[in-house]
There are 4 protein chains.
Amino acid sequence: MRGNTFGKLFSITTFGESHGVALGVVVDGVPAGLEFKLEDLQELLDRRRPGRLNVTTARNEADQAEVLSGIFEGKTLGTPIAVIVRNTNQRSQDYDKEMARPGHGDITFTQKFGHRDHRGGGRASGRETLARVAGGYFAGLVLKEVQFKAFISKIAKFESGDIDPFSTQFKKLHFGDPEKEEEIEKYLLDLKKNGESAGGKVRLHIRGLSAGLGEPVFDKLKADLAKAMTSIGSCVGVTFGIGEDFTDTPGSVATKSRENFGGIEGGISNGEELVMTLFFRAPSTVGQKAKEGRHDPCILPRVLPVVEAMAKLTIADHQMRQNAYQI
Amino acid sequence: MRGNTFGKLFSITTFGESHGVALGVVVDGVPAGLEFKLEDLQELLDRRRPGRLNVTTARNEADQAEVLSGIFEGKTLGTPIAVIVRNTNQRSQDYDKEMARPGHGDITFTQKFGHRDHRGGGRASGRETLARVAGGYFAGLVLKEVQFKAFISKIAKFESGDIDPFSTQFKKLHFGDPEKEEEIEKYLLDLKKNGESAGGKVRLHIRGLSAGLGEPVFDKLKADLAKAMTSIGSCVGVTFGIGEDFTDTPGSVATKSRENFGGIEGGISNGEELVMTLFFRAPSTVGQKAKEGRHDPCILPRVLPVVEAMAKLTIADHQMRQNAYQI
Amino acid sequence: MRGNTFGKLFSITTFGESHGVALGVVVDGVPAGLEFKLEDLQELLDRRRPGRLNVTTARNEADQAEVLSGIFEGKTLGTPIAVIVRNTNQRSQDYDKEMARPGHGDITFTQKFGHRDHRGGGRASGRETLARVAGGYFAGLVLKEVQFKAFISKIAKFESGDIDPFSTQFKKLHFGDPEKEEEIEKYLLDLKKNGESAGGKVRLHIRGLSAGLGEPVFDKLKADLAKAMTSIGSCVGVTFGIGEDFTDTPGSVATKSRENFGGIEGGISNGEELVMTLFFRAPSTVGQKAKEGRHDPCILPRVLPVVEAMAKLTIADHQMRQNAYQI
Amino acid sequence: MRGNTFGKLFSITTFGESHGVALGVVVDGVPAGLEFKLEDLQELLDRRRPGRLNVTTARNEADQAEVLSGIFEGKTLGTPIAVIVRNTNQRSQDYDKEMARPGHGDITFTQKFGHRDHRGGGRASGRETLARVAGGYFAGLVLKEVQFKAFISKIAKFESGDIDPFSTQFKKLHFGDPEKEEEIEKYLLDLKKNGESAGGKVRLHIRGLSAGLGEPVFDKLKADLAKAMTSIGSCVGVTFGIGEDFTDTPGSVATKSRENFGGIEGGISNGEELVMTLFFRAPSTVGQKAKEGRHDPCILPRVLPVVEAMAKLTIADHQMRQNAYQI
């Protein structure tokens, strides 16, 4: 009830502060007998790591995953899988100097818990998403036939049109219009120099989803996906299908094509490609790190594996819910 | 796990098909000793009722609430409160003729359950929101000091600016700019005649919220509110604070004012006014009813009490979660 | 979290005070397309009803079930099924005179909720088990191949040996040794006259259970069955397999026969017949009703359908949990 | 839903196989600001460790706790606390030779998961209780004013009478009649030599419990305690208050003294001392270890800290549930 668990039948419980001993995740509900590859898990964690792109923050954690349980002789046991990543850089001196960052949780954490973990945000740090990505790896194991692809459709003033992400050859930033990446990268490096940062949009496509996932009333697939995505720190909004365009499209036009609904009707997947859009705000840029240009001016490239992980976790859980009732 | 329960400490479990015997809700977690007034509950249900406005659907259910349990001598007992509303119009002949309506769940329900309840949508009908409104009444009893106000900020092409809804004198439609209501109503009646319908936006303000509500990681207040709102049938998106504007506002500008965050930082309420925006699609207009002009061209006025109810339910639950840890 | 819901994938939420308007249950998780027969449900409720046996209480409620939702054209819809039973006798005058009954909850309810519903126990009354029995009926629908049989193995000083309940021709009381029923009935009528009451033991057999139900650690099948049974008001203990005999049987002897374990090993069903024993205390006999001989001197015959219902609910839930992970 | 989490508001999620890399627990719901002492936690783990008594198994794990998160500068942060204990002895050669042990889960695990972790029982091993004890330590932090005391009231043929455990000077085995310990120890060593083992009873007293804990219907305090205790591997039964004596005590006698009910009435704590009895079977003694005399002939002394831990976890959770509704 402290909200460190996500999912019901397929669930993850995460722990760890950004500057504590370790972060980790307990993945429960993974069926027995699935093949596990540490290198695949590690690759996902590396995608999330800051420092991969020039434009992301310099903090270069190793983020080496260690599996403590649930795997034996290369296969899942059906028991809970615990994965931890030790924090190699636990110094909190840098952060002691930091002032509370608006929008970031520094103030509200104090309001909630009566104290503040002044070590780089504690649980509020984006570093907790590492555990989500690890969990998402295992969700992926049970969804072999489903493809998840998130890409950046907007960074600051740069926007890409609607594309088919499964046939697009993305570049480093995974921007929807790869041609513009050079220009964007220059723009972001400029932001960084100025201690500035940018927000944007991410578009998520899910292909190969079976029809019938999601429950009719409160646990609609869109509702659970909306929760999954807005639980990511800087996600400030989410829309489904044609999204905001729905608000001024007459009913007859909107319903002319099933595609407009983005793969969900009546809250339940219809077997078509699921499409949703996420809005992200720019990271807070107050404090010493920003002043010294050590901050991340745009977290969107790093957020993509997190978005995909949250989608996998949500879908795996709903798939199992649907299985449960097949008698 | 079939998603008919919402909330953990303060929860509602709803039941009933649109053309079955009755709809109802079991509200669990209401503390003992709170004063109950049937007329207040009934008034909320009436606000949600179709037919209240000229522009809404002609189906004129009485929606008379009957309390079966949990109330004794005008006070809550602390035991579960069951409220039912009998369906006076259980004929499904009208609906038999209806074709499956895109976006509405008619097709996906069949995909999920292997059959279709052809009586006006069954659980997929907007009529299930009646149970949410009843539940929201009781959530309101435990949040005496918090004010919830939802209003329409956009209908089709009509938009209102940012307003303070607590000091605005709303008219019948609760549109953000009351001066425009006459024009909008004319527009909607035209839509109705043409078998057409409109979408729009709803803005929700919550005032008087205590700081510290919401949990740091998965159960952020924004995540649970996003789920609550997108669980409403035709809600296709949700944003917080300045919403989409965040996506092209530089970090230094966005963080300049705490107000931009809409009362939530790091996923936790900061004690300021909470502000969020909901996107709604136009109702599906396929079928006999639309042809005969008996459909509702815009459900937004009726959706307002539902939005407020879902907000109350979410906040009451989080308030209790926060209480639990005060030792 | 007020504990009015039992089960996770297959769940019941119950409501209603013994002297309120109605009692009821919302059954969630029933798959679509199962055949429903009101008369079968009613028969189970009648078995639980006081007044069926001479020796049970005179309060003769009709306990007529009304289905409000989830059933259409004689089949389950997959949506929540609400069943209510109206209280025909809502007078609480009798009870106003009653003093608080030790062991019964009258005092602790006041301690918990800060007030007392003086109408015959409110939620603490055995009448709430009616909703469990209704829920159990639907659990039975998904467990067609499993047989549940509870019988009385002890009443006061009368004890029956181990029997096969599936091949026993039970009499009215469902006592394990039918020959002794006449004697027991006489004994109970004597108790009644003296304002006295008796406890005893119930033995439950479950046949046809598939192997592999139950989870390895906290949700062992025996743990969830223990909870299910001790949640019945007057159940004061539960044992599995050879029960107390285990406490002085050497390991080598105990493990010689799988039968000793009563169908559960390592917390998981092994495909053999499940056997457990429940201990019940005598009902409290303080108060006007006992004085006037209108009380029930032994609730065991009426408790049998409740025990079977709780077993069905627990097994159905675990069966669905097991289904969920079959990918 | 794989049953590796216990508790709702105060919860533990445990992981780890007996011969895997590590066992661990994530404790969620611990309020912020409580003082943490590693030595106190370690002491509890040591009490559970085999090898502490002559009569327990020779496997001498260090069981050194490492805290990964949730603690900062000697205080709880309010974030999830992860504690792990690495397995120093991961060799599974011994166990490869073992045959499946009846009652132990070796067979049912294969039935459930379709494979068998042949390394000493995997999750079915008693070693998983280590994580429960660690979790119980933290539950104890929020229940400073409540005292928990479990002792052995029966080993094989040896029985102790009813005692006040809070004023008893226990010896090594914590048997209810300390005078008999020498004799019992001799008896157990004899059992060990013969590859034999013994069961028995544990009695648990809880003093200082506030009135009003437990919920009226399904989550009665006795129901949740029954589940907690029977979730311990070799616990085969549980009774409350005078337990089995209830089954042949007339109502008027049973209700004469509130003490008979063992501190729970109507499922809710009444503020008196809570008393319950647990039945344990003898450990399985099939296999190489028993043959070589390396097995534990009686696990009861080691089970006491596990029983106390499960009680603390259950009570802490219910205390928080009760807090939640104090508005």
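In the text below, chain A, chain B and the rest are named by the order of the sequence lines, each starting its count at 1. Values in this document were obtained by computation on a predicted structure and should not be read as measured data. Both backbone and side-chain heavy atoms feed into the values below; hydrogens, waters and symmetry mates do not.
The closest side-chain donor-acceptor pair between D/Arg132 and D/Thr14, if any, does not fall under 3.5 angstrom.
The interface of residues 136-150 of chain D with chain B, defined by heavy-atom distances below 4.5 Å, comprises D/Val142.
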Problem set entry | Verdict with supporting geometry, B/Phe166 and B/Phe151, ring pair (Phe, Tyr, Trp, His ring centres under 6.0 Å) | CA-CA 10 Å; B/Phe166 297 106; B/Phe151 65 94; 9.5 Å; no

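The side-chain hydrogen bond (donor to acceptor under 3.5 Å, both in side chains) check on D/Arg321 picks up D/Asp219, with sequence neighbours excluded.
Aromatic rings from D/Phe36 and D/Phe72 are positioned such that their centres are separated by 6.0 Å or more.
Taking both residues in full, the closest heavy atoms of B/Ala134 and B/Val25 are given as CB-CG1, 3.8 Å, listed atom of the first, atom of the second, then distance.
Under a 4.0 Å N-O distance rule, the pair D/Lys8/D/Asp28 does not qualify as a salt bridge.
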